[in-house]
Amino acid sequence: MSMHAHLGSRRPSQRHSSSKILMAALALSCLLAPAMAQEIVTGGLLGPVKIDSTPGGNLLIVETGSGQHDGTVQLATTFGQRFLLVGGLPSVLMVEGLNGPAGVADAHRTLYVLIGEGDVRGDAPPGVAVPNPDGLSSAIFSSILAFEFYPVPDEIRTGFVLTEDDHRRLADGEIVEKTNDDGESVRAWLVADFRDLEPDAQFGIRQANPFDIDIAGGLTEQDLVELGLEDLGLSAAEFYARFDPASPVGQRLRERTSLIVADAGMNTISRVPATGGRIRMIWRMPPVPNPLFPTLGGPVAEAVPTSVHVVGDTALVGQLTGFPFVGGVAKVWTLDLVTGARAPYIEGLRSVTDVFTHGGATYVVQVSNDLLAGAPGSLLRFDDPSQPPQVVGPVLIGPTGITYSHADGGLFVTENFTGTVRRFQVD
């Protein structure tokens with residue numbers, strides 16, 4: 001991330017919109033103190049953001065890249081080997097910093113990759129949108145891409161690189177197919193294209209900034225009966241469906257699947273059918289009262305949802321909150337994906353960038369414990385959301401993503417600015 005983002009700007013489009021607040025917050029974490037010794041699984045990454053795991057227990061890491069359309073999805077083993085799965089993803093240098101691939105959700109043979117903002121930006125005066133003057137643009141910023149691999153991603157060792165022409169073809173609704181020298185192949189298509197900008201009563205213009213993605217939905221017992229698979233069981237049927245999405249049960253599962261997206265710019269949580277179609281907003285998060293007003297900042301701060309973790313019909317939504325980044329204001333929320341009902345789950349947090357559940361505990365990643373003071377970030381464990389947490393990782397440098405691998409019982413955290421992935425043993 002760039003250090004060009006600064007909180008002192010007087011331009012409303014830079015100081016207050018959610019997307020720019022998030023970029024500024026991440027940029028501030030560049031100033032943090034050196035981390036305590038933790039096991040580094042892999043390093044040398046260019047802006048790793050979110051992370052997921054595969055059925056084989058490997059890691060999927062999205063890299064922002066250097067700003068020259070070199071964003072990637074990497075496959076990493078839990079002992080440090082790393083292989084390119086997809087390269088040539090949109091990556092651009094904006095005024096606020098680098099932006100590109102933001103999240104990845106694993107569906108075995110199919111990966112859903114979330115691309116962040118970067119195509120256009122708001123500028124002064126309010127209500128004016130201009131092409132991004134700070135780097136290359138792409139037709140597939142603010143979108144969800146699907147990549148279907150043969151063989152499955154766990155077995156790919158030579159990845160596939162998209163070209164700018166591929167970006168245009170994807171934006172036009174075409175399926176892009178690529179084959180490598182080993183005879184492995186990938187099919188890619190655009191699942192959803194989010195609105196880049198929308199009018200905003202307060203700021204004149206508001207930018208999209210899709211920042212995290214997860215998968216919801218699954219087969220039902222009735223599906224198995226209709227497909228003649230009632231003896232297989234739901235778990236086995238879903239595993240096979242994700243392995244062979246072209247099969248009848250694979251097609252049925254895709255019809256049942258939704259992609260849940262947290263947009264840190266629009267302050268929304270949205271549902272997108274995996275088969276494509278209408279994007280439905282589940283929750284537009286309201287601004288947060290600013291207890292420091294009028295001493296610092298305005299009367300409210302931006303909500304800035306930065307993470308979504310689906311557990312059944314419920315999503316845990318992590319909230320960073322915007323300038324002035326008041327400690328104790330950030331939260332993790334529960335969101336019922338069917339009814340839209342929501343409630344605070346964990347309160348009193350600071351700058352949340354990801355949340356994950358494992359073994360009955362909830363793990364929360366904070367990009368910083370005090371952004372304005374340049375404090376380090378942390379990894380917290382809550383065995384009871386109403387009780388104080390255990391500090392698992394007290395000094396992390398710009399952490400933004402977390403996942404679990406059953407391969408070795410470890411939690412894995414991306415540190416955006418050190419370009420590393422760290423392991424925390426929990427099993």
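The figures that follow rest on heavy atoms only: side chains count, while hydrogens, waters and symmetry mates do not.
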Donor-acceptor pair, [X] side chain versus [Y] backbone, under 3.5 Å?
{"X": "T357", "Y": "T362", "value": "no"}
{"X": "D244", "Y": "Y240", "value": "no"}
{"X": "Q366", "Y": "R350", "value": "yes"}
{"X": "T268", "Y": "S270", "value": "no"}
{"X": "D263", "Y": "N267", "value": "no"}
{"X": "T257", "Y": "G217", "value": "no"}
{"X": "E302", "Y": "T321", "value": "no"}
{"X": "D70", "Y": "G65", "value": "no"}
{"X": "D52", "Y": "D106", "value": "yes"}
{"X": "S91", "Y": "T64", "value": "yes"}

Does atom CZ (F83) have a neighbourhood of more than 12 heavy atoms from anything else shown, all under 6.0 Å?
yes

Set out, in order, the CA-CA distance, both residues' side-chain angles and the distance that settles side chain to side chain contact (heavy atoms under 4.5 Å, CB included) for E63 and L89, then state yes or no.
CA-CA 9 Å; E63 285 185 296; L89 293 171; over 6 Å; no

As an exercise, state the distance from [atom1] of [X] to [atom2] of [Y], rounded to the nearest 0.5 Å.
{"X": "I260", "Y": "L337", "atom1": "CD1", "atom2": "CG", "answer": "5.0 Å"}
{"X": "F412", "Y": "L59", "atom1": "CZ", "atom2": "CG", "answer": "5.0 Å"}
{"X": "L170", "Y": "L162", "atom1": "CG", "atom2": "CG", "answer": "6.5 Å"}
{"X": "E230", "Y": "D223", "atom1": "CD", "atom2": "CG", "answer": "12.0 Å"}
{"X": "S53", "Y": "I402", "atom1": "OG", "atom2": "CD1", "answer": "11.0 Å"}
{"X": "I51", "Y": "T400", "atom1": "CD1", "atom2": "OG1", "answer": "9.0 Å"}

Looking at D214, D354, L114, T403, which one forms a side-chain contact (heavy atoms from CB on, under 4.5 Å) with K50?
D354

Qualifying residue for side-chain contact (heavy atoms from CB on, under 4.5 Å) with S378, from V367, N369, V392:
N369

Would you indicate whether the side-chain heavy atoms of [Y] and [X] approach each other to under 4.5 Å?
{"X": "Q425", "Y": "L411", "result": "no"}
{"X": "E347", "Y": "L349", "result": "no"}
{"X": "R422", "Y": "L396", "result": "yes"}
{"X": "V272", "Y": "R280", "result": "no"}
{"X": "L259", "Y": "I215", "result": "yes"}
{"X": "L197", "Y": "I205", "result": "yes"}
{"X": "N416", "Y": "V49", "result": "yes"}
{"X": "Y363", "Y": "L380", "result": "no"}

Aromatic ring pairing F141/H69, orientation class (parallel under 30°, perpendicular over 60°, tilted between)
tilted

Assess, by modelled atom type and distance only, whether the side chains of [X] and [Y] contain a donor and an acceptor separated by less than 3.5 Å.
{"X": "N58", "Y": "T77", "value": "no"}
{"X": "D196", "Y": "Q207", "value": "no"}
{"X": "T275", "Y": "E255", "value": "no"}
{"X": "S258", "Y": "R271", "value": "yes"}
{"X": "T158", "Y": "D182", "value": "yes"}
{"X": "D384", "Y": "S386", "value": "yes"}

What verdict does the side-chain hydrogen bond (donor to acceptor under 3.5 Å, both in side chains) test give for E148 and Y150, after you've listed the backbone C-alpha separation in whole Å, the side-chain angles of each residue and the deciding distance to 0.1 Å?
CA-CA 7 Å; E148 193 173 280; Y150 294 87; 2.7 Å; yes

Take N209 and N99, measure what side chain to side chain contact (heavy atoms under 4.5 Å, CB included) needs, and give me the verdict at the end.
CA-CA 9 Å; N209 188 17; N99 212 348; 3.6 Å; yes

Shortest non-hydrogen contact from [X] toward [Y]:
{"X": "G57", "Y": "T78", "result": "O-CG2, 3.4 Å"}
{"X": "F211", "Y": "A264", "result": "CB-CB, 4.2 Å"}
{"X": "I213", "Y": "G103", "result": "CG2-C, 3.8 Å"}
{"X": "S142", "Y": "A208", "result": "OG-CB, 4.0 Å"}
{"X": "R342", "Y": "I282", "result": "NH1-O, 4.3 Å"}
{"X": "F194", "Y": "P210", "result": "CD1-CG, 4.0 Å"}

Are [X] and [Y] close enough for a salt bridge, meaning some N to O gap below 4.0 Å?
{"X": "R423", "Y": "E39", "answer": "yes"}
{"X": "D172", "Y": "R169", "answer": "no"}
{"X": "E226", "Y": "R252", "answer": "yes"}

Could you please spell out the steps behind the side chain to side chain contact (heavy atoms under 4.5 Å, CB included) verdict for V113 and I144?
CA-CA 6 Å; V113 179; I144 301 173; over 6 Å; no

Starting from the C-alpha separation in whole Å, work towards a yes-or-no answer on side-chain hydrogen bond (donor to acceptor under 3.5 Å, both in side chains) for T110 and R254.
CA-CA 10 Å; T110 307; R254 186 165 282 170; 3.0 Å; yes

Run T314 and D336 through side-chain hydrogen bond (donor to acceptor under 3.5 Å, both in side chains) and show every step you take.
CA-CA 5 Å; T314 300; D336 189 305; 5.2 Å; no

Before you tell me yes or no, could you show the steps for N290 and V326 under side chain to side chain contact (heavy atoms under 4.5 Å, CB included), namely the whole-Å CA-CA distance, both residues' side-chain angles and the distance that decides it to 0.1 Å?
CA-CA 7 Å; N290 173 20; V326 180; 3.5 Å; yes

CA sep, side-chain torsions, deciding dist, call: E415, T420, side-chain hydrogen bond (donor to acceptor under 3.5 Å, both in side chains):
CA-CA 5 Å; E415 284 189 332; T420 60; 3.1 Å; yes

Given H108, which partner from the list F147, F149, F239 fulfils the ring-ring contact (aromatic ring centres under 6.0 Å, His included) test?
F239

Do R109 and F243 form a cation-pi contact, if we require the NZ or CZ to be under 6.0 Å from the six-membered ring centre and within 45 degrees of the ring's axis?
yes

Check the pair E117, R206 against salt bridge (charged side-chain N to carboxylate O under 4.0 Å, His left out), reporting the backbone distance first and the verdict last.
CA-CA 11 Å; E117 68 171 334; R206 183 176 290 275; over 6 Å; no

